[in-house]
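Quantities reported herein were computed from a predicted structural model and do not represent experimental measurements. All residue numbers refer to positions in the sequence shown, counting from 1.
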Amino acid sequence: LYYVEARPEITDGEYDALYRALLAAEKLHPDWVTPDSPSQRVSEQPLGGFRTVRHSVPMLSIDNGYSPDEWREFDARVRKSLDVEAVDYVVELKIDGVAIVLRYDDGQFAIGITRGDGTVGDDVTQNLRTLKGLPLTLGEGAPKGTLEVRGEVYLERAQFDAINAERAAQGEALYANPRNLTAGSLKTLDAREVSRRELSYFAYAVADPPGFGVSTQHEVLARLQSLGLRVNRHARRVHGVEGVEQEIERWSKGRGQLGYDTDGLVIKVDDLGQQAVLGATSKSPRWALAYKFETESAVTRLLDIRVQVGRTGAV
């Protein structure tokens with residue numbers, strides 16, 4: 001309720017008291033400890049390194065579009081291939097983070113993998129377990145067998161600013177941006193340090209949509225949410241070119257109000273059957289486009305230049 005749905009029913013103090021009671025009970029009864037216990041999210045032993053894991057289904061990259069004309073050309077290709085007048089799309093925020101795969105076996109979180117090169121990625125399970133909003137056990141109705149959920153790990157701007165403020169107070173170099181810190185955190189060998197950074201994630205797809213028991217992308221998102229996974233609430237199903245362009249207009253102006261970074265929109269054909277007809281190239285699906293926003297810019301004023309001379313005379 002707190003980490004996924006942002007509507008807690010108890011206070012932080014009550015939660016902390018329950019957590020302390022859990023730790024006390026598990027200390028007295030070690031046989032009560034289960035893999036999905038909140039106490040098992042952070043390992044005390046740093047990893048010696050990361051093993052690589054092959055993706056069951058390759059993680060293709062999505063083609064980019066940078067202008068309304070490129071978006072309309074994409075829509076025209078889709079409609080021509082499907083031989084239809086208009087298409088329903090799902091428009092999702094393109095979160096500026098790190099792509100990951102969450103693999104669940106019979107509803108239990110088994111392994112987490114980075115995108116890597118799209119074919120193989122790094123096993124970062126221990127670090128992903130520290131994400132408090134990531135369910136270690138899926139909710140009621142979880143499919144039997146293996147379910148691979150795709151998503152994005154990211155860092156809230158407020159948390160990034162707090163981390164940099166702490167580093168500045170200690171005289172340490174500041175991190176460049178939330179995405180770089182997120183990527184570096186996932187490759188940290190000590191899960192305790194990852195836990196302190198309080199990463200977040202959004203789920204947005206499954207590797208095998210037909211096996212998920214749904215027929216559209218918006219149903220994929222709804223079912224992921226019903227299983228307890230975090231889904232971005234701003235995803236919207238729209239009809240045709242006009243609906244997509246309204247979303248482009250909306251978020252080109254409104255993305256600065258979000259608490260996290262996004263560099264565009266991902267536009268997906270909603271109907272999974274139509275996605276299958278459109279297929280993919282060797283690199284990218286033909287049913288999706290990443291519409292990139294213009295890079296944000298601002299005016300700055302240079303206040304001072306301080307020149308130092310090294311011992312060799314170099315300035």
Side-chain angles (χ1 to χ4, degrees), residues 4-6 59-82 84-99 149-157 178-179 200-206 209 214-226 229-278 280 284-297:
V4 178
E5 300 180 16
M59 294 187 71
L60 303 178
S61 59
I62 298 176
D63 283 337
N64 294 325
Y66 297 91
S67 69
D69 287 343
E70 288 181 280
W71 144 245
R72 293 188 191 103
E73 289 170 5
F74 167 81
D75 174 71
R77 289 195 301 272
V78 167
R79 288 188 290 108
K80 182 178 180 180
S81 297
L82 297 174
V84 294
E85 291 293 324
V87 176
D88 287 335
Y89 293 100
V90 170
V91 183
E92 305 170 21
L93 290 173
K94 187 177 182 297
I95 308 301
D96 197 10
V98 177
V149 179
R150 294 180 174 179
E152 197 87 4
V153 175
Y154 68 97
L155 193 62
E156 297 273 354
R157 283 202 204 109
R179 190 199 179 282
S200 302
Y201 85 101
F202 286 122
Y204 57 71
V206 292
V214 294
S215 59
T216 61
Q217 169 62 14
H218 76 271
E219 289 175 330
V220 168
L221 296 175
R223 181 142 195 246
L224 288 173
Q225 187 170 31
S226 74
L229 290 146
R230 290 191 75 221
V231 171
N232 191 285
R233 63 186 179 87
H234 297 298
R236 183 171 294 183
R237 180 176 57 163
V238 299
H239 181 69
V241 173
E242 294 79 9
V244 171
E245 292 183 349
Q246 286 175 6
E247 289 299 288
I248 291 173
E249 175 75 11
R250 173 191 179 200
W251 290 112
S252 294
K253 298 177 179 178
R255 61 182 171 135
Q257 301 170 9
L258 298 166
Y260 44 85
D261 288 345
T262 176
D263 58 354
L265 300 171
V266 181
I267 304 165
K268 303 175 182 176
V269 172
D270 186 37
D271 188 281
L272 300 183
Q274 291 180 335
Q275 288 186 14
V277 170
L278 292 165
S284 306
R286 294 191 179 94
W287 44 264
L289 180 75
Y291 185 91
K292 304 296 283 289
F293 296 134
E294 289 186 15
T295 303
E296 291 182 304
S297 60

Q) Going by an N to O cut-off under 4.0 Å, is there a salt bridge joining D75 and R72? A) no
Q: Scan R179, K94, R157 and name whichever one has a side chain to side chain donor-acceptor pair (under 3.5 Å) with D261.
A: R157
Q | Under the side chain to side chain donor-acceptor pair (under 3.5 Å) test, residues paired with T262 that sit two or more places apart | A | none
Q. Between CG of L265 and NZ of K292, what distance do you get to the nearest 0.5 Å?
A. 11.5 Å
Q: Would you tell me whether E92 and Q217 have side-chain atoms, one donor and one acceptor, within less than 3.5 Å of each other?
A: yes
Q | Spacing of R255 atom CZ and L93 atom CG [to the nearest 0.5 Å] | A | 10.5 Å
Q. Do E249 and K253 sit within salt-bridge range, that is, some charged N less than 4.0 Å from a carboxylate O?
A. yes
Q) Could you state the interatomic distance from CZ (R77) to CG (L278), rounded to the nearest 0.5 Å? A) 10.5 Å
Q.
Minimum heavy-atom separation for E156 and S200, please, with both atom names.
A. CG-OG, 4.1 Å
Q.
Given 3.5 Å as the limit, does a donor-acceptor pair link the side chain of R237 with the main chain of V90, or not?
A. no
Q: Grab the two heavy atoms, one from A203 and one from L221, that are nearest each other, plus how far apart they are.
A: O-CD2, 4.2 Å
Q) Is there side-chain contact between R236 and Q246, with at least one heavy-atom pair below 4.5 Å? A) no
(Q) Looking at R233, I want to see if its CZ is surrounded by more than 12 non-hydrogen atoms of other residues, nucleotides or ligands under 6.0 Å. (A) no
Q. Does S284 use its side chain to pair, donor to acceptor, with the backbone of S61 at less than 3.5 Å?
A. yes
Q. In chain order, what residues pass the side-chain contact (heavy atoms from CB on, under 4.5 Å) check against V277, with sequence neighbours excluded?
A. L82
Q. Judged by atom type as modelled, is there a donor-acceptor pair below 3.5 Å linking the side chain of E152 to the main-chain atoms of G97?
A. yes
Q: Would you please classify the geometry between the Y154 ring and the F202 ring as parallel, tilted or perpendicular, with 30° and 60° separating the classes?
A: parallel
Q: Before giving the answer on side chain to side chain contact (heavy atoms under 4.5 Å, CB included), spell out for Y204 and I95 the whole-Å C-alpha distance, their side-chain angles and the decisive distance to 0.1 Å.
A: CA-CA 10 Å; Y204 57 71; I95 308 301; over 6 Å; no
Q. Could you state the interatomic distance from OG1 (T216) to CG (D270), rounded to the nearest 0.5 Å?
A. 4.5 Å
Q: Determine whether E247 and V238 make a side-chain contact, defined as any pair of heavy atoms from C-beta on separated by less than 4.5 Å.
A: yes
Q) Angle class for the Y291/F293 ring planes (parallel below 30°, perpendicular above 60°, tilted otherwise)? A) perpendicular
(Q) To the closest 0.5 Å, what do you measure between NE2 (H218) and CG (D271)? (A) 10.0 Å
Q) Is the backbone of Y201 close enough, under 3.5 Å, to the side chain of R230 for a donor and an acceptor to pair up by distance? A) yes
